[in-house]
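All residue numbers in this chain count up from 1 along the given sequence.
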Amino acid sequence: MTDLYTRHKAVLPDWLALYYADPVELTHGEGRHVWDATGRRYLDFFGGILTTMTAHALPEVTKAVAEQAGRLIHSSTLYLNRPMVDLAERIAALSGIPDARVFFTASGTEANDAALLLATTHRRSNQILAMRNSYHGRSFATVGITGNRSWSPTSLSPLQTLYVHGGVRTRGPYAALGDAEFTAACVTDLRDMLGQAGGCVAALIAEPVQGVGGFTSPPDGLYGAFREVLDEHGILWIADEVQTGWGRTGDHFWGWQAHAQAGPPDLLTFAKGIGNGMSIGGVVGRAEVMNCLDANSISTFGGSPVTMAAGLANLTYLLEHDLQGNARRVGGLLIERLRAICAQLPAVREVRGRGLMIGVELVRPGTDEAAPDAAAAVLEAAREGGLLLGKGGGHSTSVLRIAPPLTLTVAEAEEGAAILERALHSL
């Protein structure tokens with residue numbers, strides 16, 4: 001392990017983050033578990049950053065990948081591609097967007113980048129509304145609209161970005177308000193901002209639940225209320241569902257559906273879980289917007305026959321086994337268990353989330369001050385106990401991120417909660 005870590009540091013950039021003081025090499029997985037190079041088994045509560053959506057080594061997916069790889073691995077979008085059309089038809093139908101079109105990419109970053117290109121071209125404007133504490137990827141354009149300083153290394157951008165209140169319910173100037181008053185204040189802020197913006201604004205891009213930001217979310221209905229204001233100005237709504245899609249939140253298949261009073265978004269981006277580890281991303285949206293480019297375009301790796309076969313098998317398994325329902329049931333039990341564990345712990349400010357997308361925010365006891373050192377210590381202690389977690393948060397990385405595969409069982413949820421309880425008490 002040490003030799004591999006030495007080699008890693010010698011050839012990869014310093015900013016490529018690694019978890020743990022002694023980084024772990026994962027060699028294989030099955031179900032909700034993974035094994036490291038020493039043979040030690042871990043319960044996986046992070047799924048490769050919410051990407052292993054159904055299970056490690058899911059037979060239906062591995063079989064589909066192997067069979068397609070035996071026929072044809074790659075062709076590009078310059079040729080008709082049956083698996084790509086099959087998956088596009090299913091996603092278009094599931095999106096809730098009328099007369100939808102789908103464009104596949106190889107990552108969530110690229111999906112958001114494509115959505116920004118489409119929105120700015122359609123509206124003939126480079127002004128974008130984004131949420132504070134947001135994260136949308138690591139390309140030049142998506143870094144430029146990310147509202148989380150920890151993940152935005154440059155202020156240079158091809159876009160002019162205006163940041164809106166509302167993505168974080170329990171921090172900021174409106175935190176003390178009730179839900180209805182919070183939403184009204186954020187809408188007033190949006191109207192005021194639009195009144196001062198020069199020229200037209202292309203789109204609002206928003207994560208229904210902020211992922212890297214620490215699984216924060218606004219009250220249900222906020223983005224629907226925003227949409228009413230956006231429609232007055234012709235501004236598009238992009239729902240970034242890279243982390244929230246495919247039923248992970250339990251209550252809804254898409255995160256935007258918690259704000260559905262104004263109808264579906266104009267553009268919806270997706271990635272991560274749909275491929276269960278294969279590199280799939282994409283954008284689905286109204287035909288009028290999706291068809292607005294007046295130059296040729298292709299995707300070399302988006303829509304690869306192998307990744308499309310994986311996505312089809314994975315989506316079929318998810319729907320046939322009602323994994324959204326499992327996320328709602330098991331996730332609901334897990335979040336209540338964690339709230340009970342953390343109720344008497346002064347280092348825990350909040351346990352939040354929905355479905356199997358849960359955040360535990362740590363602070364310095366007696367304050368609202370973020371405690372990244374404590375989060376790092378709990379991450380290490382959980383690993384020693386056999387549990388892998390994630391980290392995030394807009395006020396430094398002080399939020400433990402919990403997002404296991406959606407097939408998580410009640411027994412595994414209890415096991416993970418018990419390990420995390422011991423890790424938290426180790427503080």
Side-chain angles (χ1 to χ4, degrees), residues 128-135 145-149 161-197 201 203-233 235-241 243-244 249-252 254-265 332 335-336 338-339 342-343 348-355 357-363 366-370 392-395 398-399:
I128 294 291
L129 299 174
M131 304 305 295
R132 299 180 185 189
N133 195 53
S134 59
Y135 175 82
I145 63 168
T146 286
N148 186 321
R149 176 65 186 85
T161 308
L162 305 170
Y163 292 100
V164 182
H165 281 296
V168 182
R169 177 65 185 87
T170 61
R171 285 188 181 271
Y174 307 143
L177 301 176
D179 283 355
E181 292 77 14
F182 179 95
T183 297
C186 292
V187 169
T188 299
D189 174 68
L190 174 61
R191 286 189 183 278
D192 180 69
M193 175 174 288
L194 291 175
Q196 298 182 45
V201 173
L204 165 73
I205 185 169
E207 306 157 88
V209 179
Q210 294 182 329
V212 169
F215 291 166
T216 61
S217 61
D220 287 357
L222 179 130
Y223 292 122
F226 276 9
R227 180 64 179 275
E228 295 175 10
V229 178
L230 301 179
D231 285 349
E232 294 171 9
H233 298 266
I235 299 169
L236 304 179
W237 175 25
I238 305 169
D240 179 345
E241 300 270 2
Q243 297 196 31
T244 49
T249 64
D251 294 332
H252 305 285
W254 303 107
W256 70 261
Q257 290 169 320
H259 310 270
Q261 72 268 31
I335 195 168
E336 290 308 315
L338 293 174
R339 283 174 174 159
C342 296
V348 178
R349 179 178 183 270
E350 183 181 22
V351 177
R352 57 177 175 256
R354 57 202 313 168
M357 196 172 187
I358 302 169
V360 179
E361 183 177 354
L362 302 182
V363 292
T367 76
D368 245 6
E369 185 182 345
H395 293 72
S398 59
V399 179

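- Using a 4.5 Å heavy-atom threshold, the side chains of V201 and H233 count as separate.
- One distance of note links CE of M357 with OG1 of T249; it measures 8.0 Å at 0.5 Å rounding.
- Here the CZ-CG distance, from F226 to D189, works out to 7.0 Å after rounding to the nearest 0.5 Å.
- Listed here is the closest heavy atom pair of A239 and W256: CB-CB, 4.3 Å.
- At distances below 3.5 Å, not a single donor-acceptor pair connects side-chain atoms of T183 with backbone N or O atoms of L222.
- Between the OG atom in S217 and the CZ atom in R169 there is a gap of 10.0 Å [rounded to 0.5 Å].
- Between atom CD of residue Q257 and atom CG of residue D220 there is a gap of 11.5 Å, rounded to the nearest 0.5 Å.
- You'll find the side chain of E232 stays beyond 4.5 Å of the side chain of L194, heavy atoms only.
- Atom-to-atom distance recorded for L338:CG and I358:CD1 is 5.5 Å, nearest 0.5 angstrom.
- Not counting sequence neighbours, the partners of H165 by the ring pair (Phe, Tyr, Trp, His ring centres under 6.0 Å) test are Y174.
- No donor-acceptor pair closer than 3.5 Å links the side chain of E207 to the backbone N or O of Q243.
- Atom-to-atom distance recorded for N133:CG and R171:CZ is 9.5 Å, nearest 0.5 angstrom.
- Under the rule for a ring pair (Phe, Tyr, Trp, His ring centres under 6.0 Å), the partners of Y135 that lie at least two apart in sequence or sit in another chain are W151.
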